[in-house]
Amino acid sequence: MARRRLLTREALARQLDPPADEREIARHFTLTREDLDWVSIRRGPASQVGYAMTLLYMRWPGRVLGADETPPLSILSFVARQLDVPEAAWHDYGRREPTRRAHLADLARRMGYRAFGRTDFHALATFAMPVAQTIIQPLQLAEIVIDEMRRRRLLLPPVTVIEAIVRRARRQADELVHDVLTQGLGDDGRARLDALLAHRGDRGATWLSWLRNPPLSPAPRNVVRLLERLDHVRAIGLVPARAATIPTTAFDRIADEAVRITSQHLAELPDRRRHAVLAAAALRLRESLADAVLAMMDKLLGSMMRRAENRTRDKALVTIRALQAQLRLLTGS
């Protein structure tokens with residue numbers, strides 16, 4: 001089965017294609033005095049406009065202008081007017097591939113740009129890994145990676161390579177979270193986590209389902225049931241402070257997996273990921289159950305205080321009425 005695509009060329013069009021807005025065109029495709037000096041030494045209008053467009057595409061969007069790619073007419077006209085050459089000269093550029101390659105090499109040397117390589121792949125995946133712990137959307141993460149490529153003056157690679165970097169960063173981020181959550185558990189701790197997926201005796205529900213569905217109506221017996229669940233989670237032996245070392249977004253994402261995935265599918269996950277998901281779920285349950293106990297106790301105490309106040313008020317009314325009756329007898333009224 002083919003993997004689902006995280007990114008498409010269309011989704012990254014805003015990052016990979018030149019702008020259409022006039023102000024953005026002026027911002028990114030205005031030649032500097034130094035640019036014009038470099039262009040002026042090229043022979044002929046075709047070579048000049050081709051050299052200029054190659055230069056400007058390197059600067060923004062930050063990629064090589066394709067051999068068979070024609071820039072948008074609005075951009076081509078804007079650049080041609082700066083060079084005082086006819087825009088039709090573009091169509092004569094690139095007929096000699098050696099000329100185009102020579103321009104690319106010359107501009108890369110002058111401007112400090114270089115082609116994307118294998119070492120850059122690993123370096124950018126390492127850069128993006130901590131970002132991937134807090135950024136959930138692949139497109140948003142890809143845009144951050146592209147901005148970093150521009151900062152490093154790397155010519156943008158194909159979308160498939162950018163997607164591979166995003167995948168690698170997300171996987172490494174998940175693996176780091178898994179390691180933090182499962183570190184030091186030992187065989188006993190992992191066994192206690194796996195036991196959450198077992199059925200409660202002859203009941204159909206698993207222990208995890210039992211923990212996730214506590215009684216919420218305020219009643220003394222329900223406080224006991226909540227405390228039973230809280231004790232069960234605490235007996236797993238997880239350290240609550242462990243969750244504090246993980247970005248909230250990353251922790252929530254993995255803890256939510258225990259809710260989205262059925263117990264059967266959880267049991268089929270690879271060991272490290274399964275134990276990490278169950279550990280995150282148990283840590284969240286420990287916190288939510290403790291909050292539920294306090295909230296229920298607060299409601300019960302409030303209810304008891306209101307009943308006590310009502311009883312006191314009722315007794316006071318009875319006493320006042322009795323006194324009023326006695327006063328009326330004494331005064332003969």
Side-chain angles (χ1 to χ4, degrees), residues 5-36 38-39 42 48-80 82-83 90 93-94 99-129 131-132 135 137-169:
R5 292 292 304 274
L6 292 179
L7 301 168
T8 63
R9 179 63 173 75
E10 291 74 20
L12 286 173
R14 189 167 62 90
Q15 293 290 332
L16 301 179
D17 291 341
D21 180 76
E22 289 184 3
R23 286 178 297 181
E24 288 299 303
I25 291 174
R27 175 188 174 192
H28 293 296
F29 287 85
T30 296
L31 293 161
T32 66
R33 183 70 263 172
E34 185 179 32
D35 297 337
L36 291 169
W38 292 350
V39 172
R42 305 297 145 187
Q48 288 180 358
V49 74
Y51 188 90
M53 292 305 306
T54 303
L55 179 158
L56 291 166
Y57 261 68
M58 273 190 175
R59 191 173 288 155
W60 187 272
R63 62 179 176 84
V64 173
L65 180 61
D68 300 324
E69 182 180 0
T70 299
L73 181 59
S74 56
I75 293 177
L76 196 55
S77 299
F78 182 76
V79 175
Q82 295 177 73
L83 300 176
W90 165 261
Y93 179 71
T99 299
R100 179 174 172 274
R101 288 200 299 267
H103 286 180
L104 284 171
D106 182 69
L107 285 167
R109 177 181 58 80
R110 287 178 182 270
M111 300 170 65
Y113 284 88
R114 58 188 176 85
F116 186 90
R118 183 181 295 273
T119 57
D120 299 310
F121 179 91
H122 296 293
L124 283 163
T126 301
F127 159 80
M129 188 271 287
V131 183
I135 299 297
Q137 295 299 327
L139 179 58
Q140 189 177 358
L141 181 58
E143 290 175 343
I144 293 173
V145 170
I146 289 172
D147 286 342
E148 180 64 14
M149 290 182 189
R150 291 186 181 125
R151 191 188 69 80
R152 299 185 186 195
R153 295 195 170 226
L154 290 170
L155 295 174
L156 301 182
V159 173
T160 52
V161 176
I162 298 173
E163 180 178 1
I165 294 171
V166 169
R167 285 187 183 277
R168 173 71 66 84

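Residue indices begin at 1 and follow the sequence shown.
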Quiz item: Do E69 side-chain atoms and G66 backbone N/O form a donor-acceptor pair below 3.5 Å?
Solution: yes

Self-check item: For S74, all residues meeting side-chain contact (heavy atoms from CB on, under 4.5 Å), sequence neighbours excluded
Solution: I25, P72

Exercise. Under the side chain to side chain contact (heavy atoms under 4.5 Å, CB included) rule, what do Y93 and T54 come out as? Steps first, then yes or no, please.
Key: CA-CA 11 Å; Y93 179 71; T54 303; 3.7 Å; yes

Quiz item: From W90 CH2 over to T70 OG1, what is the distance, rounded to the nearest 0.5 angstrom?
Solution: 6.5 Å

Quiz item: Does R114 have any side chain to side chain donor-acceptor pair (under 3.5 Å) partners at least two apart in sequence or in another chain, and if so, which?
Solution: D120

Quiz item: Got a second to check how far M129's CE is from I165's CD1, nearest 0.5 Å?
Solution: 15.0 Å

Exercise. Specify whether H28 and W60 have parallel, tilted or perpendicular ring planes, treating 30° as the upper limit for parallel and 60° as the lower limit for perpendicular.
Key: parallel

Quiz prompt | Spacing of CD belonging to Q48 relative to CG belonging to L36, to within rounding of 0.5 Å | solution = 10.0 Å

Self-check item: Partners passing side chain to side chain donor-acceptor pair (under 3.5 Å) against R33 (at least two apart in sequence or in another chain)
Solution: none

Quiz item: Is it true that R101 and D106 make a salt bridge, defined as a side-chain N closer than 4.0 Å to a carboxylate O?
Solution: no

Quiz item: Taking the side chain as C-beta and beyond, is there a heavy-atom pair between I75 and M53 under 4.5 Å?
Solution: yes

Quiz prompt | Any residue meeting side-chain contact (heavy atoms from CB on, under 4.5 Å) with R152, in chain and number order, not counting sequence neighbours | solution = A123, L124, F127, E148, L154

Practice problem: Take atom CZ of R23 as the centre, draw a 6.0 Å sphere, and report whether it contains more than 12 heavy atoms from other residues, nucleotides or ligands. | Solution: no

Quiz prompt | Partner set under side chain to side chain donor-acceptor pair (under 3.5 Å) for T126, not counting sequence neighbours | solution = none

Quiz item: Among all residues two or more places apart in sequence or in another chain, which pass the side-chain contact (heavy atoms from CB on, under 4.5 Å) test with I135?
Solution: V131, Q140, L141, I144

Practice problem: To the nearest 0.5 Å, tell me how far L31 CG sits from L55 CG. | Solution: 7.0 Å

Practice problem: Give the minimum heavy-atom separation between R100 and V64, together with the two atoms involved. | Solution: NH2-CG1, 3.5 Å

Practice problem: May I have the step-by-step check of side chain to side chain contact (heavy atoms under 4.5 Å, CB included) for I162 and M149, ending in yes or no? | Solution: CA-CA 10 Å; I162 298 173; M149 290 182 189; 4.2 Å; yes

Quiz item: Side chains of R5 and V159: closer than 4.5 Å at any heavy-atom pair?
Solution: yes

Self-check item: H122: ring-ring contact (aromatic ring centres under 6.0 Å, His included) partners, not counting sequence neighbours
Solution: none

Quiz prompt | Main-chain N/O of M111 paired to R153 side chain as donor or acceptor, under 3.5 Å | solution = yes

Quiz prompt | Heavy-atom closest contact (V145 atom, A128 atom, distance) | solution = CG2-CB, 3.8 Å

Practice problem: Taking atom CZ of R110 as the centre, report whether more than 12 heavy atoms of other residues, nucleotides or ligands fall under 6.0 Å from it. | Solution: yes

Quiz item: Under the 3.5 angstrom rule, does the side chain of Q82 hit a backbone N or O of F29 as a donor-acceptor pair?
Solution: yes

Quiz item: What closest approach, in Å, do A132 and A169 show between heavy atoms, and which atom pair accounts for it?
Solution: CB-O, 3.8 Å

Exercise. Given side chain to side chain contact (heavy atoms under 4.5 Å, CB included), test F78 with T30 step by step and report yes or no.
Key: CA-CA 8 Å; F78 182 76; T30 296; 3.5 Å; yes

Exercise. For A164, check side-chain contact (heavy atoms from CB on, under 4.5 Å) against everything at least two apart and list the hits.
Key: F121

Exercise. Kindly say whether P19 contributes a backbone atom to a donor-acceptor pair with the side chain of E24 at under 3.5 angstrom?
Key: no

Quiz prompt | Nearest-0.5 Å distance that lies between atom CG in L83 and atom OH in Y51 | solution = 12.0 Å

Practice problem: Mind jotting down which residue pairs meet the side-chain hydrogen bond (donor to acceptor under 3.5 Å, both in side chains) criterion with at least one end in residues 9-18? Sequence neighbours excluded, please. | Solution: R9-D17, R14-E143, Q15-R150

Exercise. Using the salt bridge (Lys or Arg N to Asp or Glu O under 4.0 Å) rule, collect all pairs that involve residues 49-58, keeping only residues at least two apart or in two chains.
Key: none

Quiz item: By side chain to side chain donor-acceptor pair (under 3.5 Å), which residues pair with D35, not counting sequence neighbours?
Solution: T32, R59

Quiz item: Considering all heavy atoms of both residues, which atom of P18 and which atom of R63 are nearest to each other, and what is their separation?
Solution: CD-NH2, 4.2 Å

Practice problem: Quick one: list whatever passes salt bridge (Lys or Arg N to Asp or Glu O under 4.0 Å) with R118, sequence neighbours left out. | Solution: none

Practice problem: Output the distance between atom CG (D21) and atom CZ (R27), rounded to the nearest 0.5 Å. | Solution: 10.5 Å

Practice problem: Please report the C-alpha distance between V49 and L76 in whole Å, then the side-chain angles of each, then the deciding distance to 0.1 Å, and finally whether the side chain to side chain contact (heavy atoms under 4.5 Å, CB included) criterion is met. | Solution: CA-CA 8 Å; V49 74; L76 196 55; 4.3 Å; yes

